[in-house]
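Excluded from the calculations below are hydrogen atoms, water molecules and symmetry mates; all remaining heavy atoms, backbone and side chain alike, are included. Residue numbers start from 1 in every chain, and the chains themselves are labelled A, B, ... in the order their sequence lines are given, proteins ahead of strands.
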Number of protein chains: 2
Amino acid sequence: MKVVPKAEAVEAAPRLASRSSSRVARADAGTLPLDTILNGDCVAELSRLPARSVDLVFADPPYNLQLQGELKRPDESRVDAVDDEWDQFESFQAYDAFTRAWLLAVRRVLKPTGTLWVIGSYHNIFRVGSMLQDLDFWILNDIVWRKSNPMPNFRGRRFTNAHETLIWAAREPNARGYTFNYEAMKAANEDVQMRSDWLFPICSGGERLKDAEGNKLHPTQKPEALIARILLSASKPGDVVLDPFLGSGTTASVAKKLRRHFVGIERDPAYAEAARARVDATTPLPDAALVPAPSAREAPRVAFASLVERGLVTPGTLLTDARAQVKAMVRADGTLSLETAPGLGTVGSIHRAGAAAQGAGACNGWTYWHIETSEGLKPIDSLRAVVRSEMAMAAE
Amino acid sequence: MKVVPKAEAVEAAPRLASRSSSRVARADAGTLPLDTILNGDCVAELSRLPARSVDLVFADPPYNLQLQGELKRPDESRVDAVDDEWDQFESFQAYDAFTRAWLLAVRRVLKPTGTLWVIGSYHNIFRVGSMLQDLDFWILNDIVWRKSNPMPNFRGRRFTNAHETLIWAAREPNARGYTFNYEAMKAANEDVQMRSDWLFPICSGGERLKDAEGNKLHPTQKPEALIARILLSASKPGDVVLDPFLGSGTTASVAKKLRRHFVGIERDPAYAEAARARVDATTPLPDAALVPAPSAREAPRVAFASLVERGLVTPGTLLTDARAQVKAMVRADGTLSLETAPGLGTVGSIHRAGAAAQGAGACNGWTYWHIETSEGLKPIDSLRAVVRSEMAMAAE
DNA sequence: TTTGGAAATGAATCATGTA
DNA sequence: ATACATGATTCATTTCCAA
């Protein structure tokens with residue numbers, strides 16, 4: 001293993017300075033300014049904070065998106081991309097140096113039992129994960145935030161980029177005593193263990209902060225539900241939560257709501273001020289309300305292709321309509337190829353193929369197409385029911 | 001950006017040696033041994049293969065799991081963990097050197113239009129992703145394989161590790177012409193874009209290869225459905241698929257089934273032999289089940305002028321937008337002349353004229369311009385469809 | 001006030017063949 | 001290598017506006 005500087009010698013327990021309301025202020029040396037938003041560079045501000053004083057760090061660093069030209073939607077409207085100055089780095093080397101600096105600064109302020117969460121996309125998360133390992137952090141999980149409403153891929157050249165990745169890491173290997181509220185997470189997930197893939201909508205609507213002109217205040221505001229799950233899973237009421245890239249203040253606001261202390265660091269004075277106002281407008285939940293409510297399990301969406309993938313339908317099989325007059329062949333990718341006129345040779349989804357066979361604009365392929373079984377012709381919807389029950393079994 | 005060795009000079013097109021059945025054999029220098037399983041170290045074997053000869057690489061490298069001690073279930077039964085010799089590395093540095101070596105060897109054999117898939121977990125995927133970026137590969141997507149039936153977390157100290165991560169990358173930035181079967185993926189996903197999160201069960205049951213004692217043959221056998229989606233999305237029938245860590249032969253078997261050529265490399269003679277037997281027992285699907293779904297992007301190009309030449313549109317005809325408000329006259333050379341403001345008098349292609357009429361930067365003239373028919377106003381794209389079907393008839 | 005359709009929008013590494 | 005013309009391409013949600 002790569003040799004890295006070990007944690008500094010044990011220091012005296014730091015003094016904590018709790019304040020009744022959040023303030024934009026400088027940190028006093030040796031005192032942790034609780035429930036405060038610090039305006040400044042995160043490494044500089046972190047270096048002023050006492051060592052081993054923070055229970056949980058949530059970090060949403062710049063992603064180093066390397067956007068080239070501009071992107072337009074099919075309707076010719078322009079996509080408002082993240083092209084801010086703070087997301088520009090000269091090279092991967094420069095990004096790595098930046099990452100190393102703030103991770104080391106974070107490690108110093110973390111308690112030995114503290115843990116770190118970092119969020120990113122494929123542009124930066126591999127750099128962050130490697131650096132965490134190089135610096136001798138210990139990865140506990142990688143977590144996938146599945147977006148229920150991601151931006152589509154407008155040019156049709158890739159898969160829809162529908163998730164971001166979080167890394168949850170302990171301060172060092174063999175760290176003992178970190179917080180994981182296993183039972184709370186299980187209770188919040190229909191009494192089965194919480195998995196490493198989480199489904200949340202992106203931040204929009206009333207939750208999204210707007211500026212005076214009605215434009216989004218911050219380009220990358222995260223949903224409160226995502227941060228809440230992190231705090232509920234890996235911290236306790238009264239713990240200290242630190243965010244070195246506070247932005248619009250989501251972490252601070254959620255921490256206050258969930259009765260955790262917070263320390264936020266933000267470079268941009270305008271963001272810091274907006275975050276302060278946001279936190280001041282936040283009311284902590286009643287103590288009794290901190291138990292998470294069970295989340296509704298998502299209705300499984302089953303694609304016909306998954307029946308093929310699972311071997312329930314073999315490529316080459318002929319499907320027919322209910323009268324066994326229209327025929328279509330199942331292809332390996334889960335599409336159908338019409339074998340009879342009208343539409344002979346048409347290839348498409350079960351719905352498209354059904355519509356083409358009828359000369360209709362739309363069709364529910366699940367009920368239109370039938371498959372020959374030992375018990376006669378049956379709609380393919382009966383196979384979907386099999387997959388759904390298997391998925392339900394797997395979830396229990 | 002880090003400077004990396006650029007791709008070698010263009011070489012003569014490699015000779016391909018197709019064999020009727022898979023064989024464990026050595027690669028001849030300069031000849032790609034199609035549908036063959038090579039038994040040896042992947043870097044050594046790759047270096048014997050011709051450069052720029054492979055369309056798609058799927059790699060499932062050692063995960064470098066770093067397990068400490070054995071894990072028991074709540075009932076005290078022992079979890080059969082991956083602790084094989086091939087998964088042991090001295091350090092992250094050693095793992096990085098290994099990763100760098102096989103990635104460079106893979107890059108050499110990839111065609112300029114070829115792409116690479118790598119699967120991993122949080123133990124190794126950050127190392128792999130960083131190295132890909134350092135070596136100037138270009139990440140197209142990261143994909144999450146969500147396991148419908150993951151192994152639970154027995155200790156209750158972390159989230160259930162319920163996913164693995166794949167990286168899909170092009171050989172270099174600005175790579176042109178890589179294969180992505182967008183329409184097929186969309187059709188396979190209920191007619192909405194395929195997302196970056198995929199749900200599949202782990203490989204178990206009859207699909208899981210067993211040894212003579214009935215134990216699992218290979219510790220990390222991947223599900224065929226996962227590999228099938230990769231091949232169906234990013235390759236075409238007849239393409240060459242290479243797997244440098246073939247293991248139990250899933251990639252080769254799925255490639256044969258989907259009528260792609262394969263080259264497999266496996267270090268362990270026992271695995272190589274088992275994979276050979278597995279491939280020999282695999283039957284390719286009928287061609288008809290595999291012909292790529294029609295893609296508008298790959299349809300033959302038809303110039304508007306050719307419609308005029310064929311008499312489908314007469315010079316002097318007035319075309320309009322869908323609302324019949326903007327008008328343009330068809331000229332004998334296949335260009336349009338705008339008859340209404342804005343842009344009155346502008347002459348240019350159907351696309352230029354459409355853009356000018358809308359004051360837009362770009363326009364698809366085929367869908368913008370309409371022509372009066374006995375059945376009402378129709379987009380000129382319907383005339384192009386006529387020409388294309390005539391061309392298809394003539395080709396048969 | 002209600003309803004239905006149009007418009008807006010979100011961390012995006014988003015084209016290709018021919019000259 | 002660069003330049004230019006062709007022409008392919010979007011999902012879930014919220015907000016706005018007209019009827």
Side-chain angles (χ1 to χ4, degrees), chain A residues 60-84 86-89 92 119-125 145 147-165 201-208 210 214-216 218-223 245 247, chain B residues 1 113 133 137-142 168-170 173-178 180 182-183 186 189-196 295-305 334-335 348-352 354-355 360-369 380-381 384:
Chain A
D60 183 8
Y63 284 12
N64 189 26
L65 301 186
Q66 298 149 55
L67 306 179
Q68 309 208 323
E70 70 173 14
L71 179 64
K72 289 185 174 176
R73 297 185 172 82
D75 65 3
E76 288 284 299
S77 66
R78 188 178 146 275
V79 173
D80 183 20
V82 175
D83 55 0
D84 305 71
W86 49 257
D87 198 45
Q88 309 297 323
F89 291 83
F92 284 126
I119 186 168
S121 67
Y122 66 82
H123 308 84
N124 72 320
I125 200 66
W145 167 28
K147 303 180 184 184
S148 54
N149 50 348
M151 193 189 301
N153 184 292
F154 295 115
R155 307 304 292 265
R157 296 299 297 148
R158 305 180 179 191
F159 298 95
T160 307
N161 191 2
H163 73 277
E164 294 187 24
T165 300
I202 61 175
C203 181
S204 68
E207 188 184 322
R208 189 87 196 217
K210 303 292 195 327
N215 299 314
K216 59 188 174 191
H218 192 281
T220 70
Q221 185 180 341
K222 296 293 178 290
F245 307 99
Chain B
M1 292 293 150
T113 55
Q133 292 175 318
F137 284 84
W138 192 247
I139 297 177
L140 297 168
N141 278 113
D142 61 333
W168 180 36
N174 305 311
R176 297 170 72 159
Y178 65 85
F180 177 54
Y182 173 78
E183 293 79 8
K186 184 172 176 178
N189 192 43
E190 298 276 291
D191 292 325
V192 294
Q193 293 186 337
M194 187 70 80
R195 299 168 37 116
S196 56
S295 154
R297 188 173 274 115
E298 292 178 9
R301 294 202 164 200
V302 174
F304 182 69
T335 58
S349 70
I350 53 173
H351 313 296
R352 294 281 171 159
C363 167
N364 183 342
W366 291 107
T367 52
Y368 178 78
W369 294 111
I380 57 176
D381 205 21
R384 181 169 62 164

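- Here the range on DNA chain C touched by chain B, meaning any atom under 4.0 Å from one of its heavy atoms, is C/dT13 to C/dG17.
- Among the protein residues, B/G177 comes within range of the sugar-phosphate backbone only, with heavy atoms under 4.0 Å from sugar or phosphate atoms but none that close to a base.
- Within the 4.0 angstrom heavy-atom criterion, base atoms lie near B/A362.
- Counting any heavy atom pair closer than 4.0 Å across all strands shown, B/N364 reaches a base atom.
- Annotated stems with DNA chain C as a participant read C:2-10 with D:11-19, C:15-19 with D:2-6, given as range with range, by first number; only runs of 3 or more Watson-Crick or G-U pairs under 3.5 Å qualify.
- Heavy atoms of A/T160 sit nowhere under 4.0 angstrom from any nucleic acid atom.
- Following rounding to the nearest Å, A/K147 (NZ) and D/dC11 (C1') show an atom-to-atom distance of 13 Å.
- Using atom C1' as the reference point in both C/dT1 and D/dA18, the two lie 14 Å apart (nearest Å).
- How far CG of B/N141 is from OH of A/Y122: 6.0 Å, rounded to the nearest 0.5 Å.
- Distance CD1/A/I202 to CG/A/N149: 4.5 Å, rounded to 0.5 Å.
- Looking at heavy-atom distances under 4.0 Å, B/C363 makes contact with a base.
- Contacts between residues 72-83 of chain A and DNA chain D, counted as heavy-atom distances below 4.0 Å, involve A/P74.
- For the OP1/OP2 pair of D/dT6 and a distance below 4.0 Å, the side-chain nitrogens and oxygens of B/H351 include no atom meeting the criterion.
- Within 4.0 Å (heavy atoms only), B/K186 reaches sugar-phosphate atoms of the nucleic acid but no base atom.
- Here the separation of C/dC14 from C/dG10, taken at their C1' atoms, is 15 Å to the nearest Å.
- Taking the C1' atom of each, D/dT15 and C/dA11 are spaced 22 Å apart, rounded to whole Å.
- A/S121 comes within 4.0 angstrom of no nucleic acid atom, judged by non-hydrogen atoms across all strands.
- A/P223 comes within contact range of no nucleotide atom at all, as no heavy-atom separation falls under 4.0 Å.
- Glycosidic conformation at D/dT9 (O4'-C1'-N9-C4 for purines, O4'-C1'-N1-C2 for pyrimidines): anti, more than 90° from 0.
- Residue B/I139 is in base contact, counting any heavy-atom pair closer than 4.0 Å across all strands shown.
- Residue-level contact check: B/G365 touches neither bases nor backbone, having no heavy atom under 4.0 Å from any strand.
- Per the geometry, CD belonging to A/E207 stands 14 Å off C1' belonging to D/dT13, to the nearest Å.
- Spacing between D/dA8 and C/dT18 at atom P, rounded to whole Å, works out to 15 Å.
- The aromatic ring centroids of A/F245 and A/W86 lie 6.0 Å or more from each other.
- Distance check on atom C1': C/dA8 versus D/dT10 gives 13 Å, rounded to whole Å.
- For the pair A/Q66/A/F92, a side-chain contact is recorded, criterion being any heavy-atom separation below 4.5 Å from C-beta on.
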Show the distances under 3.5 angstrom between N or O atoms of the protein and N or O atoms of nucleotides 2-5 of chain D.
{"residue": "D/dA5", "atom": "OP2", "partner": "B/R352", "partner atom": "NH2", "Å": "2.8"}

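- Taking the centre and axis of the six-membered ring of B/Y178, the NZ or CZ atom of A/R157 falls inside the cone set by 45° and 6.0 Å.
- Within residues 149-158 of chain A, the residues having any heavy atom under 4.0 Å from DNA chain D are, by residue number, A/N149, A/P150, A/P152, A/N153, A/F154, A/R155.
- Not counting sequence neighbours, B/R352 has no partner by the side chain to side chain donor-acceptor pair (under 3.5 Å) test.
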